[in-house]
Amino acid sequence: MTYRFIDRLLGHTSDVQAGDLVLGRFMVEPLGDDSTFLNSVAIAQPSFCVPDLRGHWQLMEPGRERVEGTMSRAQVLDRLDVTSILDVGNSVRGVLSSGGTWLDALDVSPLVPGMSERAELQEFEKLLADRLGHLVEVCQRPRTHLRVEVERTDVTRARRLATQASSYLAAHTEDWDRPTLRAVIPKRILSLVREDQFDIYENRVAVRLVDHLDAYLSRRVTEVSRLLRLFNEVGDHSSTAGHGSHWRQKRVYQLWGDSLDAGEARRKAERTLEQLKFLKYSVSGLMDSVLYREVPRRAFVSTTLTMTNILANDVHYRRVAEVWLAWARLGLEQSPRPDKHFEEMQELCRCFGGFALLLVVRGLDQLGIAPVDLSQALDGDAIDLEGRGIRARLSWSLTDGTLRLSIDGARPLRIVPIPGSVAMFGDEDLARLIRDADEAATREEISLVLYPSPSSEAALRRMAPVLAHRLNALSHEVAERGQGRAGFLPVSPWDLSSVERVARELRWVITAPRFLAYPPFIANPPIPNIADDAAWLEATATGVVVTRAPEVHEDLRLTERLANQRKRLQALEDEHEDVSQQLRLAVRDGGASGPLNARKKALNASITDLRSQIDSLAEFSKALDGAIGLVKSLLSCPTCGTIADPRRDFTGGRGHRFSCVCPDCSTRWGTEACPSCKTWIPTLMPAVSSWAANDSAVGWLDRFLGADVLAVPFKLEDGTLGFVCPSCGHGHERSMASAEPERAGETHS
């Protein structure tokens, strides 16, 4: 075999799987010098397994059996999603290829580019609005060719006789009514029948133009409708700002403000949508016209127009030709060649990986994480990061688009972007994909699958509630004891919450391990009963733990102790050098050396012991500084960054329990024990005036709190808050119930 079949979801080489595959999940890497063909296209570098124009895929190599299968057309994105992902992804890849920095990547908007221009009436649509009356006139009163045929008709219907009518009647007595003495009274006779011939080239152009315009206007109505929903979502944030995290609202407005003015854009989109709907209704109405019914549906017209006398000179047909030529210049109906389609699908997979990288970069920036060197170019495949007391490393693969975030002392995060429309799968196929992703999840790393958001919520409503929830949840939000789970998140340039969703996962990966590391433990302190002199230390059987950050006056002065001991060491070393000098002189002169040897031996023991004490004290001081730094980092508010007071706002507890409240924004964070499995749950809850927004369960956490949350919150029967356990999933059912619509104005304690 001269190629490798790679499963990006599992992260390793796989056997070739014939049959129905997921778009973008598998890659083919050619090996050796023999040619490898994917969809009849020779590949020389790793390529994504994608469908051809028929929805099939095939893998071939000379002299070997062909492997082939299908890919459901339902998982192929519509044209609007494809173009938006290509636009954003190519912008990110342009930053990488040009040697751009982290700040250059942040300048790329994760939303649909050119939204303001897309929301306006396009030049072609203005031309159509101006020429539509001529198309209506052609469809209602078309020009025709006159066709005369000879037919055997009833005599009462005959209007003009054919020249051969008499001879034909004489030879066909069955058409006589009765003979008379002078003549024959006919019952049927040959007559001339005149018919209008509608199926001429010019009328075919008009009818097929109606079809093309209807398809074009349908796409434009869908596009502007999606833009309008996006604009309205920003407006909805204003109306629901009091029901969720206002920090999320602020970030959404900032993201939106980088693109355009929402209010003006919404008004512009509303006007454009009204005009487009009018044009579509007018064009659709022409499908019931005389001309449209008379011209056969299969009558084909090439995109390249042939200018006949009628199209060039008739006042109405000439305007119809102008609209046709303008439509042809848009290039919407050009059938792609198989090799061009293959390249576009490869580009889609690569650009979706670039879009995922942009979301991670923006999510890390939102959490206060930035490169150690901001001037470092992103043209490599990894970058070192720091911020909020952590150091991390972000790496990505330009070949397969996967990303990896590694943090000291925490499980790494592995992100797999899959460009297939996962939400359009059937329940059986979707359950199989989730099962495969869960099998790939391990205790050593956290798995997250990013997939394109569905263009409407109808796809989520038609699937089973359990599957719909899995497609909008992180791994710790659907935990089950003893079983690894993968996270799934929908993202799209059309989705305003994409950055928030990714940032929510990043916050968990970065913040949860630090919360669970409380209280930091230091074994075998070198100073006996050191906890007696520090209220912020607690003694244990084998060491001490730091329960809170010390005040300035509570400093243990370990630096001074080290300095004093080093001075003592220096004095002993000087004395040791002096005794050694005296001993050398005594040996040379033959004097007594016994007392000097005894003194030197005692000094050696003292110096060795003091050095050991200094090393132990220095190691303890370093460990204590790290522990204090960890506890101090817990004082920083995760939402606003305000530093809490260690005595007034911070409370330590037994085990790993602690709680802290921000004196500025009243955000609460800490840890609490799971009542079921007794493991510790990292929690974060900003101050909100209402517990739940009036929205559906799927995706409620993104709309309500966004990235300002760790474990999923839910309301207990007494009105207090509980949190879903990330180890055993305790409280999951209650969290789903808490997401149902509630009465406006209901507050939490």
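Everything numeric here is computed off the predicted structure, so don't read it as measured data.
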Exercise: identify the closest heavy-atom pair between Ser47 and Leu38: CB-CD2, 4.3 Å

Indicate yes or no: at least one non-hydrogen side-chain atom of Trp324 is less than 4.5 angstrom from one of Val301. yes

Is the side chain of Glu117 donor-acceptor paired with the backbone N or O of Gln122 at a distance under 3.5 Å, no angle test? no

Verify the neighbour count for atom CD of Gln164: are there more than 12 heavy atoms of other residues, nucleotides or ligands below 6.0 Å? yes

Arg118 side chain vs Pro113 backbone, donor-acceptor pair below 3.5 Å: yes

Indicate whether the side chain of Asp211 and that of Tyr292 have a donor and an acceptor atom separated by less than 3.5 Å. yes

Does some side-chain heavy atom of Asn39 sit less than 4.5 Å from a side-chain heavy atom of Gln58? yes

About how many Å separate CG of Asp400 and CZ of Phe26, when rounded to the nearest 0.5 Å? 13.5 Å

Are any of the side-chain heavy atoms of Val422 and Gln75 separated by less than 4.5 Å? no

Give a yes or no answer on whether the side chain of Thr180 reaches the backbone of Arg178 with a donor-acceptor pair at less than 3.5 Å. no

To the closest 0.5 Å, what do you measure between CG (Asp429) and CG (Leu467)? 11.0 Å

Got a salt bridge between Asp154 and Lys187, using NZ or NE/NH1/NH2 to carboxylate O under 4.0 Å? no

Quick one: closest heavy-atom pair of Leu23 and Cys49, and the distance? CD1-O, 4.3 Å

Under a 3.5 Å distance rule, please check whether Ser453 uses its side chain to pair with a backbone N or O of Val491 as donor and acceptor. yes

Atom of Arg297, atom of Arg208 and distance for their closest heavy-atom approach: O-NH1, 3.6 Å

Is the closest basic N to carboxylate O distance between Glu270 and Arg267 below 4.0 Å? no

Side chains of Leu227 and Trp494 in contact at under 4.5 Å (non-hydrogen atoms): yes

Can you name the nearest heavy-atom pair linking Tyr451 to Phe488, along with the distance? CE2-CB, 4.2 Å

Arg350 side-chain N/O to Asn90 backbone N/O, donor-acceptor pair under 3.5 Å: no

Counting only heavy atoms not in Lys277 (residues, nucleotides, ligands), do more than 12 fall under 6.0 Å from its NZ? no

Could you check whether any side-chain N or O of Tyr317 sits under 3.5 Å from a backbone N or O of Arg143, counting only pairs where one atom can act as donor and the other as acceptor? yes

Steps toward side chain to side chain contact (heavy atoms under 4.5 Å, CB included) verdict (Arg8, Ile418): CA-CA 9 Å; Arg8 298 171 62 239; Ile418 292 183; 4.3 Å; yes

For the residue pair Pro452 and Asp81, establish whether any side-chain heavy-atom pair is separated by less than 4.5 Å. no

Main-chain N/O of Ala170 paired to Trp176 side chain as donor or acceptor, under 3.5 Å: no

Worked verdict on Ser498 versus Arg362 for side chain to side chain contact (heavy atoms under 4.5 Å, CB included): CA-CA 10 Å; Ser498 295; Arg362 281 196 166 254; over 6 Å; no

Closest heavy-atom pair and its distance - Ala105, Val95: N-CG1, 4.0 Å

Find the distance between CG (Asp214) and CG (Leu209) and round it off to the nearest 0.5 Å. 11.0 Å

Check step by step if side chain to side chain contact (heavy atoms under 4.5 Å, CB included) holds for Lys268 and Ser116. CA-CA 8 Å; Lys268 186 187 302 182; Ser116 181; 3.0 Å; yes

What orientation do His316 and His134 show, parallel under 30°, tilted 30 to 60°, or perpendicular over 60°? tilted

So, are Asp20 and Arg432 salt-bridged, with charged N and O less than 4.0 Å apart? no

How far does CZ of Phe37 sit from CD1 of Ile43, to the nearest 0.5 angstrom? 9.5 Å

Using side chain to side chain contact (heavy atoms under 4.5 Å, CB included), reason through Leu348 and Phe48 one step at a time and then give a plain yes or no. CA-CA 10 Å; Leu348 171 65; Phe48 294 90; over 6 Å; no

Check ion pair Glu137-Arg141 (N to O, under 4.0 angstrom): yes

More than 12 foreign heavy atoms under 6.0 Å from OH of Tyr201: is that the case here? yes

Do the side chains of Asp87 and Ser91 get nearer than 4.5 Å, heavy atoms only? no

With no hydrogens and no angle check, is any side-chain donor or acceptor of Asp52 less than 3.5 Å from a backbone partner on Phe342? no

Check for me whether the distance between the ring centres of His172 and Tyr168 falls short of 6.0 Å. yes

Donor-acceptor pair, side chain of Asn472 and main chain of Ala468, under 3.5 angstrom: yes

Should the heavy atoms of other residues, nucleotides or ligands under 6.0 Å from CZ of Arg152 be counted, would the total exceed 12? yes

What residue among Arg229, Arg226, Arg501 forms salt bridge (charged side-chain N to carboxylate O under 4.0 Å, His left out) with Asp495? Arg501

Side-chain contact test, heavy atoms from C-beta onward, threshold under 4.5 Å: evaluate it for Pro296 versus Asp199 and give yes or no. yes

How about CG on Asn313, more than 12 heavy atoms from neighbouring residues, nucleotides or ligands closer than 6.0 Å, or not? yes

State whether Glu343 and Lys340 are salt-bridged, where the test is any N-O pair (Lys NZ or Arg NE/NH1/NH2 against Asp/Glu carboxylate O) under 4.0 Å. no

Going by atom types alone, do Arg220 and Thr272 pair a side-chain donor with an acceptor below 3.5 Å? no

Got more than 12 heavy atoms from elsewhere within 6.0 Å of CD, Gln140? yes

For Arg248 and Asp702, indicate whether the former's side chain and the latter's backbone hold a donor-acceptor pair under 3.5 Å. yes

Lys/Arg N to Asp/Glu carboxylate O, Arg271 vs Glu274, below 4.0 Å: no

Over all heavy atoms of both residues, which pair between Cys139 and Val210 is shortest? Give the atoms and the distance, please. SG-CG2, 4.1 Å

Side chains of Asp175 and Ile189, heavy atoms from C-beta outward: is any pair under 4.5 Å? no

Taking 4.0 angstrom as the limit, do Glu223 and Arg79 come out as a salt bridge? no

